[in-house]
Amino acid sequence: MNQNEQTLALREKAVFVIALAYACFHLYTAVTGSLIAIYQRGIHFMFAAVLVFLLYPTKWGKGRGEILNTMFDLFLIACGVLPVGYLYFNEKWLISRFFYIEKLTWYQYLLCIMLILAVLEGTRRKLGRALPIIACAAMGYMLLGRYLPGMFGNGGFSTIAFVDTLYTTTEGIFGTALGASATFVVLFVIFGSFLEASGVGDYFIKVAMALTQRSCGGSAKAAVISSCLFGSISGSAIANVATTGQITIPMMKRNGYGDVFSGAVEAVASTGGQIMPPVMGAVAFIMAEYTGIPYGKILVAALVPALFYYTAVFIMVHLEAKKLGLRPAAETNKELKLDRLIRSAYLFLPLVVLVFLLIKGYSATYACIYSLIAIVAVSMVKRETRIGPKAFILCLVKGAKGCTGVAMACACSGIVVGIVNYTGIGTRLSSALVQVSGNMLILGLIFTALSCLVLGMGLPTTPSYIVVATLLVPTLIKMGITTLGAHLFAFYFANVANITPPVALAAYTAAGLSGASPMKTGYRAFKLGIAAYIVPFMFAMNSALLLDLSLGATVIVQAVVTGFIGIFCLAAAAEGYMVKELQIWQRGVLVAAAVLMVNTGTLTDAAGILMATVILVPICLRHKKE
């Protein structure tokens, strides 16, 4: 064995040991209780950084260059470990100091720079350059924004404030986004590795495939179904992608879909899970408390918009399959029969446990731990799926490796979020956009949507919704939007930030699983999820789509029916296909028809239906004749 092989073997052993320790740490804190926030998040990031630099080593050259590569990787590992270690072993200093005022020593500045370097380089290696570039721009704004003219300039911030924001507090790198990753996201990633090893995940997919096997592109439709159901429960688009994506993305790729499209489907389906009743993550409960509207009424109101969203995704998946010439699953797998699958229905037990505990109000961490126990229990029924000690350890290691990308993305996003919040640029931007709209409702909605996307950048949906609801929703209500419509509008755009480039964390997570470019996956997810950007305008301008019974059954039925027709037109235009490739002008007419059906009124609905008919009917008749 030569020196290179020895180095590689040593690296693999180190990865195995560190990943196992990583997983064990999170299982231990899940059972016994998390550490203080900055320590829990710091240790979580530290493990992730070490794994990233071991799994994705520097490749500058061979020969002597390999020695330099190893030394540089060790330096970067030190950059991820030492700043966290310093905070952990200096608890008294961290608790007693006056943040943003008390002076710092030279080595504390150095540790902050080391941590930022580890975050930026680790994110670049795992997810690409886009997110680190945005983080650098944010840091540049905080330090140099005093030289900008007008309202977007700042009064200048000290280097003490810079270090405290990004390093010594939970406002920056160790912020809310990394907190989500360090508590329940990592557990759901481990949960996904156990699902795959035990055969439970494959069984879920087979059931979904059995339900969709008679239509082409069934693998992607099965992914949409599974991610929709799990996403409603988990309350996190990233956790949903990390869990179901480990199974569905490889399945879609085997079925003939490309890397980018497979990742985008999973990201969009997982993001939509949070707007789908009956659970809707945690936001529906918060919305009920915030507005005083009963929880049941919120779920009823959210049903039709969520169905619009998933109808668009289903149509686009179907049209993509037609475009690629993919065959129905029934033609490629003859064994997907429901009567056979029913014999293994006991494999649903882990999901039943998860749903039951979450509905009963237990935390995601608690529910996930007991679901893991249920997975191990059901795996013992058959010998081929049994999870023994060796398989148990391998599942932990695989789950820990799978969480590195999410951790790095959350840490890097924390730089942006921390600076936006501390400098107040997000609030100033939101206020300016709303003021510019004047009394025009459509402009107010557009500007509010843009503000939601900015404020929701890098944040989990729940805190993002809270910020948006506090800053922007009162303005929408003053403009005439119903209270429930305004809150759901804000929630949709706070949630859809997960698939909105350039900071599209759900898409970035899916790209890590599919092996595709994060930015290409993000833009493809944006296109696939186009309904999420239109549907909020539909129900904001027409509360009949929220099933407002005071408007009458006729008005509601008309709004729902024309809404589904508009969604169909929008999906066909976005995909550019309808039994054959659509020309640019045809796609433009379909978009115009969809926009007309967004507006409330019989005349606009009739005009939209007429325009759609003029385009689609001749195409279908010509295709049938041919």
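No donor-acceptor pair under 3.5 Å is formed between the side chain of Lys126 and the backbone N or O of Met408.
In this structure, Asp605 and Gln558 have side chains that are in contact, with non-hydrogen atoms separated by less than 4.5 Å. Residues Leu307 and Phe564 form a side-chain contact, since some pair of their non-hydrogen atoms from C-beta on lies under 4.5 Å apart. The shortest side-chain heavy-atom distance between Phe314 and Ile225 falls under the 4.5 Å cut-off. Within the 4.5 Å cutoff, the side chain of Phe537 has heavy atoms near those of the Ile446 side chain. Looking at His487 and Ile293, their side chains never come closer than 4.5 Å, going by heavy atoms from C-beta outward. Put simply, the side chain of Ile499 does not reach to within 4.5 Å of the side chain of Phe526, judged on heavy atoms. Within the 4.5 Å cutoff, no side-chain heavy atoms of Ile615 are placed close to those of Arg587. When side chains are defined from C-beta on, Phe568 does not count as touching Thr311, because their heavy atoms never get closer than 4.5 Å.
Atom-to-atom distance recorded for Leu445:CG and Phe489:CZ is 4.5 Å, nearest 0.5 angstrom.
Between Arg524 and Glu575 a salt bridge is recorded (basic side-chain N to carboxylate O distance below 4.0 Å).
Pro250 and Gly245 get closest at one heavy-atom pair: CD-O, 3.5 Å.
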Give the C-alpha distance, both sets of side-chain angles, the deciding distance and a yes or no for ring-ring contact (aromatic ring centres under 6.0 Å, His included) between Tyr492 and Tyr309.
CA-CA 11 Å; Tyr492 261 69; Tyr309 178 91; 7.3 Å; no

